[in-house]
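Numbers for residues simply follow the sequence, beginning at 1.
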Amino acid sequence: MDVRPKTAGHAGGVRVGTFVASRDSRARRAFAGAWLWTCLAVLAALPAAAQGVSQGIAGRVHEGVASCAGSACHGRAVASGPDIRHDEIRIWQDSTGPAGAHSRAWRVLAELRAQAIASRLGLGKAQAAPECLGCHADHPAARGALFQISDGVGCEACHGGSSAWLASHYALSVKHADNVAKGMIPLEDAKVRAAVCLDCHFGAAGPGQFVTHQIMSAGHPRIVFELDLFSTLQKHYDLGPNYASRKPIPSGVKLWAVGQAMALDRSLTLFDDPRRGQEGAFPEFYFFDCHSCHRTITDDPRARPTAVMNPGRPVPSGTVPYNDENMIMLSAAAAVAAPKLATQFDTDCRAFHVALATDRSSAIRAAGQLARSARALSNAFAAHDFGRAETIGILGHVVSGAQGARYTDYAGSAQAVMAIDTLLNALVTSGELDLARAQALRPDIDRAYRAVSDPNGYRPAEFRAAIARIAVAIRTLE
């Protein structure tokens, strides 16, 4: 995974008037280029229903994208509604950019890379393999007359099977809550949205919704997730007064914080599942930090170790470390927005890393405790309104010296630079930070992007140097 700078999913452009509008550097363009395939093949996938939301609605009939495509609904060629855009399907069908990745999810299974992966795994035709369709298509049990698997990840993959709420959805007298009661998934809720996205963008217990180390070794991209960034990439609606009158609008900071907490909770919950946590005699390496093992091996006597010790995960040298990217971000967020939970969370993180170096039963117990801590943070963040001072405080923790020492591997560093962009963008979007002041940080942010532009050529010293310069600038914003 490489980090892509935030671009809007609508109108084919960057969100004007926000911090992201200034992002046009060579470093970020190079960073984005390597990441685009992941956008098309991994970002392009959501489940038939949200884990934790699907109970009672998983059996709803999925009527198909065509059922949403009327000219009075979401099927117009151009935006023409003062309240609803009406061209949402056009955006979803974007043939080139990340906004159309979901519609291309099934089609990418016919490309050479997908065919090679399926061949190595003995899956047969990728476009028909259950191991692929769980995320690369809306794959419900019940399908209406207009349903087509070739639609890829269609409307109902995210919004829920529409058989019970399709008619009432376009009735002006019916409230959003009534449709939710009939099975529409309330994606405006940060926790619900995270649960839906995580099923494919991180993994789930459902069929075809877990990318194992074996699948990655066959050529599948590494799984990555950041809720606010991915929401921006897929945005096909306007957050205007009409939207706000019907649904709450979670801030970018809330989406980011809840997404980090629920991603860690999901990872640890899957790790605790014996069907997911083991691969034969070995642990399931999907859960661990890829680049801690995938390093250059050489017999050159002049070679020096490239690994850097991470004070946040005190494990013996040679021990495969658990991927701690979400732990690092959560530690920063909790220190500011949930200080009563922060100490316990940090204690549980260290205990989990130590337990991994002993035996599996100890690791499972520690994983359960850490998952509970992450769950407490997701609940706290979901109920919390993040103000200017807190957002700047979290930024300060992300780039602090204590956190910076933990950016020893690619995954955590990539997550950190996404966080910096997300949090600054949230401040500018809310009017709590002048665009010019945010832009002043751009040169050092671009240096951080360059340091993580190549997952296999990550330069930790360069990254931490850029982070240190950003930390100085962040202090001037307080």
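When every heavy atom of Asp228 is checked against every heavy atom of Gly252, the shortest pair comes out as OD1-CA, 3.3 Å. Taking every heavy atom of both residues into account, Ala333 and Phe381 meet most closely at CB-CZ, 3.8 Å. Taking all atoms of both residues into account, the shortest heavy-atom contact from Met262 to Ala194 is SD-CB, 3.6 Å. Taking all atoms of both residues into account, the shortest heavy-atom contact from Ala105 to Val153 is CB-CG2, 3.7 Å. Shortest non-hydrogen contact noted between Val452 and Ala414 is CG1-N, 4.2 Å. Among all heavy-atom pairs drawn from Leu121 and Ile215, the shortest one is CD1-CG1, 3.9 Å.
A donor-acceptor contact closer than 3.5 angstrom links the side chains of Glu156 and Ser162. No donor-acceptor contact under 3.5 angstrom links the side chains of Glu279 and Thr212, judged on distance only. Judged purely by distance below 3.5 Å, without hydrogens or angles, the side chains of Asp324 and Asn310 pair a donor atom with an acceptor atom.
Looking only at distances, no side-chain donor or acceptor of Ser331 sits under 3.5 Å from a matching main-chain atom of Ile328. When atom types are taken as modelled, the side chain of Ser267 and the backbone of Leu264 share no donor-acceptor pair closer than 3.5 angstrom. At distances below 3.5 Å, at least one donor-acceptor pair connects side-chain atoms of Arg120 with backbone N or O atoms of Ala218. Panel note: side chain Asp409, backbone Ala411; no donor-acceptor pair is recorded below 3.5 Å. A donor-acceptor pair is defined here as one N or O able to donate and one able to accept, closer than 3.5 Å; such a pair exists between the side chain of Arg459 and the backbone of Arg450. When atom types are taken as modelled, the side chain of Ser103 and the backbone of Trp92 share a donor-acceptor pair closer than 3.5 angstrom. Using a distance-only test at 3.5 Å, with no hydrogens or angles considered, no donor-acceptor pair links the side chain of Thr429 to the main chain of Ala426. One N or O on the side chain of Arg388 and one on the backbone of Glu432 form a donor-acceptor pair closer than 3.5 Å.
Counting only heavy atoms from C-beta outward, the side chains of Pro221 and Arg113 approach each other to under 4.5 Å. Side-chain atoms of Ile474 and Val398, non-hydrogen and from C-beta on, never get closer than 4.5 Å to each other. In this structure, the side chains of Leu377 and Gln260 stay at 4.5 Å or more apart for every pair of heavy atoms. Within the 4.5 Å cutoff, side-chain heavy atoms of Leu187 are placed close to those of Cys158. Under the 4.5 Å side-chain criterion, counting only non-hydrogen atoms from C-beta, Pro321 is not in contact with His353. In this structure the side chain of Arg313 never reaches within 4.5 angstrom of the side chain of Leu356, judged on heavy atoms. Annotation: side chain of Arg442 is in contact with side chain of Tyr449 (closest heavy-atom distance under 4.5 Å). Two residues are said to be in side-chain contact when any heavy atoms from C-beta on lie closer than 4.5 Å; Tyr286 and Arg276 fail this criterion.
The existence of a salt bridge linking Asp189 and Lys254 is excluded, since no basic side-chain nitrogen approaches an acidic carboxylate oxygen closer than 4.0 Å. With salt bridges taken as basic N to acidic carboxylate O contacts below 4.0 Å, none links Asp265 and Lys191. A salt bridge links Asp199 with Arg266; the closest basic N to acidic carboxylate O contact falls under 4.0 Å.
To the nearest 0.5 angstrom, Trp106 atom CH2 is 13.5 Å from Asp138 atom CG. Atom NE2 of residue His136 and atom CG of residue Leu109 lie 5.0 Å apart, to the nearest 0.5 angstrom. Once rounded to the nearest 0.5 Å, the distance linking CD1 of Ile91 with NE2 of His236 reads 7.5 Å. Atom CD of Glu188 sits about 9.0 Å away from atom CZ of Arg246, to the nearest 0.5 Å. A distance of 10.0 Å separates CH2 in Trp165 from CD in Glu63, rounded to the nearest 0.5 Å. With rounding to the nearest 0.5 Å, the separation of CG in Leu270 from CD in Gln209 is 10.5 Å.
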### Query
Run the side-chain hydrogen bond (donor to acceptor under 3.5 Å, both in side chains) check on Thr422 and Glu226 step by step: do they pass?
CA-CA 10 Å; Thr422 288; Glu226 200 269 83; 2.8 Å; yes
### Message
I'd like to know whether His169 forms a side-chain contact (heavy atoms from CB on, under 4.5 Å) with Lys182, so could you lay out the CA-CA distance, the side-chain angles of the two residues, the decisive distance to 0.1 Å, and finally the verdict.
### Response
CA-CA 10 Å; His169 176 51; Lys182 295 177 181 179; over 6 Å; no
#### Entry: Full working for side-chain contact (heavy atoms from CB on, under 4.5 Å) between Ser231 and Lys235
CA-CA 6 Å; Ser231 295; Lys235 189 178 175 187; over 6 Å; no
### Message
Show, in sequence, the C-alpha distance, side-chain angles and deciding distance for Cys155 and Cys68, and conclude whether the disulfide (SG to SG under 2.5 Å) test is met.
### Response
CA-CA 8 Å; Cys155 312; Cys68 307; 3.9 Å; no
### Task
Before giving the answer on side-chain contact (heavy atoms from CB on, under 4.5 Å), spell out for Gln344 and Gln369 the whole-Å C-alpha distance, their side-chain angles and the decisive distance to 0.1 Å.
CA-CA 10 Å; Gln344 184 65 54; Gln369 177 57 44; 4.1 Å; yes
### Message
Pair Leu268, Phe287 - check side-chain contact (heavy atoms from CB on, under 4.5 Å), show working.
### Response
CA-CA 8 Å; Leu268 293 165; Phe287 297 106; over 6 Å; no
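Shown here are the side chain to side chain donor-acceptor pair (under 3.5 Å) partners of Thr343, two or more places apart in sequence or in another chain: there are none. By the side chain to side chain donor-acceptor pair (under 3.5 Å) test, Thr476 is found to be paired with no residue, residues two or more places apart in sequence or in another chain being considered.
Aromatic ring orientation, Phe282 versus Phe285: tilted (interplanar angle from 30° to 60°). Ring pair Tyr237/Tyr243 is parallel by interplanar angle, where below 30° counts as parallel and above 60° as perpendicular.
Sorted by first and then second residue, the ring pair (Phe, Tyr, Trp, His ring centres under 6.0 Å) pairs involving residues 313-350 (not counting sequence neighbours) are Phe271-Tyr322, Phe288-Tyr322, Tyr322-Phe352.
A distance of 6.0 Å or more separates the ring centres of His291 and Tyr458.
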